[in-house]
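Heads up: the structure comes next, in structure tokens.
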Amino acid sequence: MTQHILITGGTSGIGKAIALRAASAGMAVSITGLEAETDISDVLSSLKQAGAPYCAYFSIDLADGDATRAMVNAAAQAYGGIDILVNNAGIQHVAPIDDFDVAAWDKVIAVNLSAAFHTTAIALPLMREAGFGRIINIASVHGLVASAQKAAYVAAKHGIIGLTKTTALETAKQTITCNAICPGWVRTPLVEAQIIARAKAAGRSAEEEARLLVSEKQPSETFVQPEDIADMVLFLAAPSAHAITGSQFVMDGGWTAQ
Ligand code: NAD
């Protein structure tokens, strides 16, 4: 039976790689993003080309809890349930705590943490009814360790690891699992913005800054690839991963081993 995967933030970076990997495994794919549908028509065609028998796009702001809940219901109704939920969408804001914009704090917490609470709350009863479910939260190494100037992101990512564990406990006796993936640096638009800001401040080229950024934290000195994370999602979604729940999978080139 064709499985249906719902990926928040599936229009870019890691989420797009997960969507493409799921499509090539023959899954029905629903993605969400902030962009207008016309702006992501190439993403939808690449999902179809990769092998998705069905794909749908939901343009919503995940900072809006009610809209987020309505989107999960709409995605489930349109296909007939949700087998795999990937809470992937995330944003960053970099500033010291005493200069951290309050609206930016609220937004980072809403998109990176509260949205996953809302999607999970709606998806769980549907998964229980179907007798199968996989919830995979894209956390970060910042769910395990901190970096200066990233208070909201670090708090949200530590929070989503807690949410992952609670979800796992509440579903432990059912055929539902919930796990988190904790990537180190992945060169996506989210990180590119940080590279460009740092390069500008230091008067260096973006390529030089990218090398410095990755080598500061990641002993491998190599970016994690979005496709590596997509492979981990598919592994955790498989029936053979039924005993893996409440866990964190760190993919960080040695960052948190130090
Ligand atoms: P990205 O910027 O490439 O993509 C972010 C996605 O989230 C896009 O699809 C965008 O439309 C969506 N999005 C952003 N704000 C939204 C909002 N308010 N409402 C709805 N959708 C919204 O980012 P990425 O690097 O692919 O990050 C994906 C996830 O991986 C995030 O949770 C991020 O924290 C996490 N992560 C990234 C890295 C990295 O180095 N890139 C490392 C660890 C964890």
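Every number for a ligand or one of its atoms is a count from 1 in the order of the listing. Computed from a prediction, not measured in an experiment: that's the story for all the values here.
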Tell me whether E216 is salt-bridged to R211, with the criterion being a basic N under 4.0 Å from an acidic carboxylate O.
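Looking at E216 and R211, the cut-off is not met.
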Would you mind running through ligand 1 and noting each atom that sits below 4.0 Å from a heavy atom of G13?
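Those of ligand 1 that fall under 4.0 Å from G13 are 3 (O), 26 (O).
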What atoms of ligand 1 come closer than 4.0 angstrom to any heavy atom of W185?
40 (O)
Side chains of [X] and [Y] only: does a donor on one sit below 3.5 Å from an acceptor on the other?
X    : Y    : value
N137 : T164 : yes
K217 : S147 : yes
E221 : S215 : no
N87  : T119 : yes

Judging by distance only, is a nitrogen or oxygen of [X] under 3.5 angstrom from one on ligand 1?
X    : answer
G33  : no
V111 : no
D61  : yes
S12  : yes
V186 : yes
S140 : no

Do me a favour and list the nearest non-hydrogen protein atom to [atom] with residue, atom name and distance?
atom                    : value
atom 14 (C) of ligand 1 : I91 CG2, 3.7 Å
atom 42 (C) of ligand 1 : G184 O, 3.0 Å
atom 23 (O) of ligand 1 : L190 CB, 3.5 Å

Ring pair (Phe, Tyr, Trp, His ring centres under 6.0 Å) assessment of Y153 paired with H93
CA-CA 7 Å; Y153 188 86; H93 183 79; over 10 Å; no
Please determine whether any non-hydrogen atom of Y153 lies less than 4.0 Å from an atom of ligand 1.
yes
Work out whether the distance between some heavy atom of K16 and some atom of ligand 1 is less than 4.0 Å.
no
Is there side-chain contact between C182 and S140, with heavy atoms separated by less than 4.5 Å?
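A side-chain contact under 4.5 Å is absent here.
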Would you say I97 has more than 12 foreign heavy atoms packed within less than 6.0 Å of its CD1?
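No, the 6.0 Å shell around CD1 holds no more than 12 heavy atoms from other groups.
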Who's closest to [atom] heavy-atom-wise, of [options]?
atom                    : options              : value
atom 9 (O) of ligand 1  : T32, L34, T11, V224  : T11
atom 28 (C) of ligand 1 : N88, N112, T188      : N88
atom 30 (O) of ligand 1 : I14, I229, I31, I60  : I14
atom 35 (C) of ligand 1 : P183, A139, G90, A63 : A139

Could you name each residue pair satisfying ring-ring contact (aromatic ring centres under 6.0 Å, His included) that touches residues 174-217, not counting sequence neighbours?
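Qualifying pairs, neighbours excluded: W185-W255.
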Enumerate the residue pairs fulfilling salt bridge (charged side-chain N to carboxylate O under 4.0 Å, His left out) with a member in residues 114-123, sequence neighbours excluded, ordered by first and then second residue.
none
